[in-house]
Amino acid sequence: MTTSQANNPLGPGYEGVAGSEMRFRDIFRDTLRAEMNRDDDVFLMGEDISGGFDKDTKEPLDAWGGPFAATKGLVQEFGVERIRDTPISEAGFVGAAVGSALTGMRPVVDLMYFDFVTVAFDQLLSNAAKSRYMFGGQTKVPLTLFARSGAGTGHAAQHSESFYSMLAHIPGLKVVVPSDPYSVKGLLAAAIRDDDPVFLVNDKKLINLTGFVPDEEYIIELGKGRYMRRGTDVTLVGMSYTSVVCQQAADQLAEIGIDAEVIDMMSLSPFDEDILIESVAKTNNVVIVDEDTPRASMASEFAAVIADKAFDHLDSPVKRVTSPHSPVPYSRDLEIEFMPQPADVVGTVKKLLGRE
Amino acid sequence: MTTSQANNPLGPGYEGVAGSEMRFRDIFRDTLRAEMNRDDDVFLMGEDISGGFDKDTKEPLDAWGGPFAATKGLVQEFGVERIRDTPISEAGFVGAAVGSALTGMRPVVDLMYFDFVTVAFDQLLSNAAKSRYMFGGQTKVPLTLFARSGAGTGHAAQHSESFYSMLAHIPGLKVVVPSDPYSVKGLLAAAIRDDDPVFLVNDKKLINLTGFVPDEEYIIELGKGRYMRRGTDVTLVGMSYTSVVCQQAADQLAEIGIDAEVIDMMSLSPFDEDILIESVAKTNNVVIVDEDTPRASMASEFAAVIADKAFDHLDSPVKRVTSPHSPVPYSRDLEIEFMPQPADVVGTVKKLLGRE
Amino acid sequence: MDISKKKLEWIYTTMYRIRRFEETMLEQTLKGNSMGVAHTSDGQEAPPTGICAHLTDKDWIGSTHRGHGHCISKGLETDKMMAEVFGKATGQCGGKGGSMHISDFSKGMLGANGIVGASIPLAVGAALTAKLKGIENESVGVSFFGDGASSQGVLHESMNLASVWKLPVIFACENNGYAEATPSWYAVSAEDIASRAEGYGMPGVVVDGMDVFAVYDAAGEAIARARAGEGPTLIEMKTYRYHGHFHADDTSKYRKPEEEEYYKKLDSIKHFERTVTKQKLMTEKKLKSIRDAIEQEMLDAVEFALNSPMPDVSTVYDDVYVNYSNPIAGLR
Amino acid sequence: MDISKKKLEWIYTTMYRIRRFEETMLEQTLKGNSMGVAHTSDGQEAPPTGICAHLTDKDWIGSTHRGHGHCISKGLETDKMMAEVFGKATGQCGGKGGSMHISDFSKGMLGANGIVGASIPLAVGAALTAKLKGIENESVGVSFFGDGASSQGVLHESMNLASVWKLPVIFACENNGYAEATPSWYAVSAEDIASRAEGYGMPGVVVDGMDVFAVYDAAGEAIARARAGEGPTLIEMKTYRYHGHFHADDTSKYRKPEEEEYYKKLDSIKHFERTVTKQKLMTEKKLKSIRDAIEQEMLDAVEFALNSPMPDVSTVYDDVYVNYSNPIAGLR
Ligand SMILES: Cc1ncc(C[n+]2csc(CCOP(=O)(O)OP(=O)(O)O)c2C)c(N)n1
Ligand SMILES: Cc1ncc(C[n+]2csc(CCOP(=O)(O)OP(=O)(O)O)c2C)c(N)n1
Ligand SMILES: [Mg+2]
Ligand SMILES: [Mg+2]
């Protein structure tokens with residue numbers, strides 16, 4: 001299949017490339033497979049990433065194929081050594097992954113729900129992120145981790161976190177947040193090939209999303225954002241699922257004659273200062289949309305960068321639309337209230353531009 | 001001893017109160033003692049907070065009296081049940097402290113170096129901070145934790161963290177950062193009496209600092225900042241040790257005719273938005289100084305709040321002076337380069353005001 | 001048998017209540033009346049029942065993602081539990097917690113917990129409170145956890161702490177043979193998890209977790225030790241969950257039918273019924289009247305939950321703190 | 001004795017080098033030539049020496065805050081170590097790591113580590129690499145840790161992982177009786193930490209950690225098992241640190257003089273000397289020549305460190321990442 005729609009998410013230069021409409025979850029798995037085929041040093045660890053073993057034969061059953069079936073089928077192709085089911089010992093196996101990365105492998109760790117990173121936090125922060133620096137550049141840590149974030153699926157307070165801001169705070173770690181099938185392919189490949197520890201945060205609400213994905217192999221440079229929509233009146237900054245929210249808000253704004261530009265940050269650490277400044281220099285107004293809680297968040301960070309480096313271009317206050325400063329509630333209505341919605345973005349923009 | 005200096009850190013209303021010049025470490029211990037005397041439910045846990053036991057008598061030796069002798073002598077007064085030495089099991093004993101707080105006690109946990117919070121991170125985030133919310137307000141978690149932060153003492157990458165921003169990010173947790181003997185007395189007492197989990201972060205560079213402390217019992221309301229110096233040209237925002245840095249910078253700025261106002265935030269979560277806005281409304285210029293690394297930090301948060309709510313008052317970009325986005329290096333010169341220095345603040349202010 | 005008639009009735013009521021709550025809840029969840037993830041514990045009725053039979057509201061338990069059985073054993077009301085799973089305002093946590101966070105502090109129930117292993121030190125903390133207040137004799141801490149959770153470091157830290165401080169704690173391991181699809185023979189490096197107790201200076205016992213009397217006896221001994229100030233015990237109960245790991249999990253992908261049938265034959269409720277009728281401790285009539293009452297209770301619970309209102313959205317902003325109202329309604 | 005002459009010389013050289021490095025470093029630290037916190041391991045020479053005697057540069061070790069002995073046993077050069085402790089550009093980590101982070105990846109040394117217990121899974125990971133690459137026979141992972149670290153959950157997670165995956169790991173516990181001032185009898189709920197091995201399906205052995213021959217033998221066996229693909233072993237070595245927990249710690253506040261003297265009598269270096277001279281395996285002359293060479297090496301190391309330049313302050317911004325230069329020089 002070939003696309004030529006001008007409004008494709010790939011930006012200029014991609015018109016006419018071969019590709020197809022794919023689900024986020026499928027291209028995620030395909031990319032893992034491609035990277036494992038490409039490099040024998042890549043292997044995967046996590047709980048139930050194949051899932052279950054026959055008691056008599058000891059053969060893997062692939063009963064789960066990972067949370068949300070993310071890795072289904074891979075154990076048949078790569079075997080139990082490289083698709084390695086773990087006990088529920090996140091600190092232990094993230095630490096082992098760091099040790100393995102320090103000694104020549106390129107481990108990829110599935111942490112299941114993002115919330116569980118807290119039990120492995122020390123290994124991530126004190127070992128993975130610091131080893132290169134504190135050892136004076138002697139070594140590198142080519143480790144990739146991923147986990148599922150986000151509210152909206154009734155998983156409640158301990159299975160719905162979006163606290164990627166805390167990871168982005170950590171020097172030595174990189175953080176990427178794909179928002180569609182195109183970006184997850186390029187970012188996951190880039191993460192696995194990168195020689196630094198990279199955490200890929202995958203909002204649950206994206207898992208069944210479909211979108212155009214080029215057939216060709218490509219990576220997306222870590223640290224780069226992209227325009228999802230060009231506009232002149234206001235810049236909407238999204239990341240992970242809020243990029244979708246921003247696009248929906250932009251559609252609604254268009255109906256009332258407000259021409260919004262939408263940026264998808266894609267990477268949170270490092271991140272693309274230039275695209276923020278460039279866009280705000282044009283639109284002079286900005287709303288940052290983040291599902292993470294607001295205090296000391298990436299929304300704060302982008303606001304701070306804009307308030308410093310694009311200050312002279314600003315016509316109005318720098319606005320954030322975020323989740324409230326609270327844990328994630330369970331009940332559906334409460335969850336909806338908790339998450340930033342397109343209507344919240346629209347309301348904020350209208351107020352900002354005096355269009356109420 | 002009585003003070004009447006107008007320039008005392010206590011602000012108006014404190015002229016003439018009885019008090020004395022005290023070391024930070026001494027008033028810290030005195031406050032712990034006072035709170036333990038005040039309320040039998042308060043008890044203390046941590047590694048070597050008394051330190052050592054006689055093998056034959058099993059009596060505590062108080063050989064360490066806590067890291068930096070913070071709790072020296074207390075075991076004699078309160079006994080081993082309430083001054084409870086722990087094995088090196090931060091996740092376990094922070095979790096036990098949460099359980100104890102949920103069942104009627106008011107535990108105070110000494111985590112020694114701030115960096116070690118990472119091994120107890122899950123208990124702090126998933127249990128301490130969330131219990132009240134996810135259980136629908138059924139319970140409270142009157143838990144206090146403290147630990148020593150900061151670079152400057154040659155403790156290197158894993159014993160010098162200032163990542164209080166990550167804690168302030170967590171809904172349900174409160175974070176306070178005293179900057180002198182006066183504030184640690186009021187904030188520690190407030191933290192222990194508070195019914196929510198509060199983390200008190202104590203920069204190592206403050207431990208031997210002296211300052212005026214009123215004799216009377218008082219608490220400092222959580223979430224309030226204070227003016228350390230009034231001025232009209234620029235607002236310098238400090239927290240923890242950078243409040244000292246800001247005051248030193250203000251002295252230097254005064255010499256070249258720049259009249260800086262200095263705010264000491266004291267609390268990071270909740271924090272005092274009003275004081276930030278009030279001050280910037282007057283000075284129209286602001287520099288935020290933070291020893292934590294910059295990305296998604298409290299410096300970013302304060303900048304974001306100012307860029308939103310004080311936008312119309314700003315004459316110049318919102319500036320942050322922080323540590324670099326890197327772990328803490330060991331060697332002295334490197335450490336000095338790493339930490340924000342008064343000269344960095346002065347340089348930034350001069351550039352900002354066009355006074356180079 | 002050394003169990004009072006009243007206690008026997010309580011045991012049967014509790015086990016049957018757990019069984020039917022789980023079945024009813026699952027049915028409702030598959031109908032779409034519950035909104036989130038739910039883990040059922042039918043099959044595993046004996047462990048919480050046999051243990052909590054020795055406890056009062058002053059004792060504390062910590063629970064897991066699979067917490068309904070613990071809640072019911074500790075006396076929580078099934079209508080408020082059902083309403084919580086349905087996300088209703090009348091739920092045990094006002095709809096904010098859901099299945100994985102049901103708690104009742106008035107009943108000594110420290111909450112279900114969504115992080116594997118995370119509740120273990122909470123029970124240690126409750127026991128520490130008892131020790132500090134000098135009420136170990138009337139307030140012990142019981143920590144329920146699974147075979148999968150035995151791989152979490154915090155369990156080991158907690159066992160060591162409870163042992164060196166001689167705290168009144170029961171480490172209650174419900175070994176149902178699986179953590180999600182992962183069999184314990186794959187993930188656990190010990191034949192019996194209870195064998196690890198020795199390395200922590202405490203007794204470790206393996207118990208048939210399909211036999212509530214065996215659990216009752218072992219728990220009675222451990223709890224008596226705890227109340228007497230003699231410190232913690234690790235009890236491993238070999239048990240089985242009848243349904244999937246969570247409501248949508250298909251066990252046939254990783255469990256053999258023979259295995260499932262084997263455990264169904266050991267069914268703890270049937271075993272109880274056989275035992276008490278054979279020993280003439282309870283009549284079939286009495287048993288039936290208990291079952292009937294529970295059936296009605298379940299109908300009522302579902303009706304209560306269905307008819308209850310959703311929580312007001314303003315409650316999103318409540319209860320983040322006790323002493324400070326949330327100033328940021330999402331910065332919108 | 002089943003040890004080659006060359007190996008004996010290596011053992012003596014290594015133990016004496018550790019001893020004198022620590023004493024020299026401590027002296028220099030108290031003089032103010034080192035800038036940070038330093039933990040000495042003199043007294044504890046036998047454990048790392050006896051273990052690393054079996055290793056090559058392809059084997060990996062994880063270390064602790066008390067890492068100098070591990071570094072030296074793994075072949076690191078004392079001049080670059082001293083320079084690192086002095087914070088100099090010529091140091092093993094360019095002055096960025098200091099005493100608690102000395103590492104040498106070319107020598108299979110994964111780094112000293114300032115977080116108690118944190119390096120344990122790193123050695124498991126190195127062993128996993130060996131297993132994945134099919135080179136277990138030439139590349140094992142050794143994790144050194146103290147009695148205090150035995151209370152960290154990550155040790156237990158690591159032991160379980162290494163056991164279920166049958167990885168070539170040696171869990172090398174240096175039990176020096178204390179964690180800071182806390183005695184192990186207070187903090188550790190087992191008589192012997194090695195007794196916990198059983199619960200993880202691996203052999204556990206207790207060894208006299210003041211006797212390098214005993215360590216050597218036990219380690220030889222464990223490492224042979226590991227290289228043969230038979231999985232991990234836990235070795236607990238009872239040892240003693242002669243100096244304080246860190247350079248400024250006064251041991252008299254928590255250790256009795258009798259106890260200190262008792263261990264000084266067991267001194268591992270003296271014990272070695274007595275053994276080899278008695279058994280006529282090495283002459284006193286040879287021993288002395290080794291000592292003399294080390295004394296000179298220490299003088300040279302101090303001189304090298306003292307005369308080395310401080311690192312350029314611009315290096316603060318290097319090496320945060322491999323593939324991305326740090327864009328934020330502190331936002332100044
Ligand atoms: C720290 C953490 N890791 C992983 C999970 C995901 N998870 C939830 S339940 C479960 C299996 C738990 O097994 P077990 O402890 O045996 O309890 P069971 O489900 O059998 O009752 C896993 C892996 C989690 N909730 N928390
Ligand atoms: C997670 C963590 N907690 C606490 C500390 C502080 N600390 C450093 S060394 C030490 C004692 C370690 O004892 P042990 O493991 O026996 O090693 P030893 O010092 O005796 O060699 C402590 C508590 C730390 N570095 N990391
Ligand atoms: Mg299980
Ligand atoms: Mg020790």
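Each chain gets a letter, A, B and so on, in the order its sequence line appears, and its residues count up from 1. What you see is a predicted model, and the numbers here were worked out from it, not measured in a lab.
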Backbone of C:Ser151 reached by a side-chain donor or acceptor of A:Ser89 within 3.5 Å: yes
To the nearest 0.5 Å, what is the distance between CE (C:Met35) and CG (A:Leu334)? 8.5 Å
Part of C:His65 lying under 4.5 Å from any heavy atom of chain A: neither
Rounded to the nearest 0.5 Å, what's the gap from CG on C:Asp147 to CD1 on A:Ile88? Could you check? 7.5 Å
Any side-chain heavy atom of C:Met100 within less than 4.5 Å of one from A:Gln158? no
Does any backbone or side-chain atom of C:Asp319 lie under 4.5 Å from a heavy atom of chain A? Answer side chain, backbone, both or neither. neither
side-chain contact (heavy atoms from CB on, under 4.5 Å) against A:Lys58, all qualifying residues, sequence neighbours excluded: C:Trp185
Quick one: what part of A:Glu90 sits under 4.5 Å from any heavy atom of chain C, side chain, backbone, both or neither? both
In Å and rounded to the nearest 0.5 Å, what is the CD to CE distance from C:Glu180 to A:Met112? 4.0 Å
For the CG atom of A:Asp62 and the OH atom of C:Tyr254, what is their distance to the nearest 0.5 Å? 14.0 Å
Between A:His155 and chain C, with a heavy-atom cut-off of 4.5 Å, which part of the residue counts as in contact: side chain, backbone, both or neither? both
Between C:His101 and A:Ala156, which heavy-atom pair has the shortest distance, and what is it? CD2-CB, 3.7 Å
Contact leader toward chain C among A:Leu61, A:Asp48, A:Val345, A:Val289, where contacts are heavy-atom pairs under 4.5 Å: A:Asp48
With heavy-atom distances below 4.5 Å as the criterion, would you say the side chains of A:Val119 and C:Gln152 are in contact? yes
Any idea which of C:Ala181, C:Ala187, C:Gly87 has the most non-hydrogen atom pairs under 4.5 angstrom with chain A? C:Ala181
Counting only heavy atoms closer than 4.5 Å, note whether C:Val37 contacts chain A via side chain, backbone, both or neither. both
With chain A, the option among C:Asp250, C:Thr251, C:Asp249, C:Asp312 that has the most non-hydrogen atom pairs under 4.5 Å is C:Asp249
Contact class of A:Thr153 relative to chain C, heavy atoms under 4.5 angstrom: backbone
For the interface with chain A, which of C:Ile115, C:Val188, C:Val116 has the highest count of heavy-atom pairs at distances below 4.5 Å? C:Ile115
Without hydrogens or angle criteria, can the side chains of A:Tyr330 and C:Glu84 be said to hold a donor-acceptor pair below 3.5 Å? no
At a 4.5 Å cut-off on heavy atoms, which part of A:Ala157 comes close to chain C: side chain, backbone, both, or neither? both
Would you mind checking which part of A:Asp290 comes under 4.5 Å of any heavy atom in chain C, side chain (CB onward), backbone (N, CA, C, O), both or neither? neither
Can you tell me if NZ on C:Lys80 sees more than 12 non-hydrogen neighbours from other groups inside 6.0 Å? no
Taking atom NZ of A:Lys55 and atom CD of C:Glu259, what is their separation to the nearest 0.5 Å? 6.5 Å
How about A:Lys72: does its NZ atom have over 12 heavy atoms from other parts shown lying under 6.0 Å from it? yes
Please flag which part of C:Met310 lies under 4.5 Å from any non-hydrogen atom of chain A: side chain, backbone, both or neither. side chain
Proximity breakdown for C:Pro311 and chain A, heavy-atom pairs closer than 4.5 Å: both
Gap separating the OG1 atom of C:Thr182 from the CD atom of A:Glu47, nearest 0.5 angstrom: 7.5 Å
Among A:Ser331, A:Gly347, A:Ala299, A:Gly52, who wins on heavy-atom pairs under 4.5 Å with chain C? A:Ser331
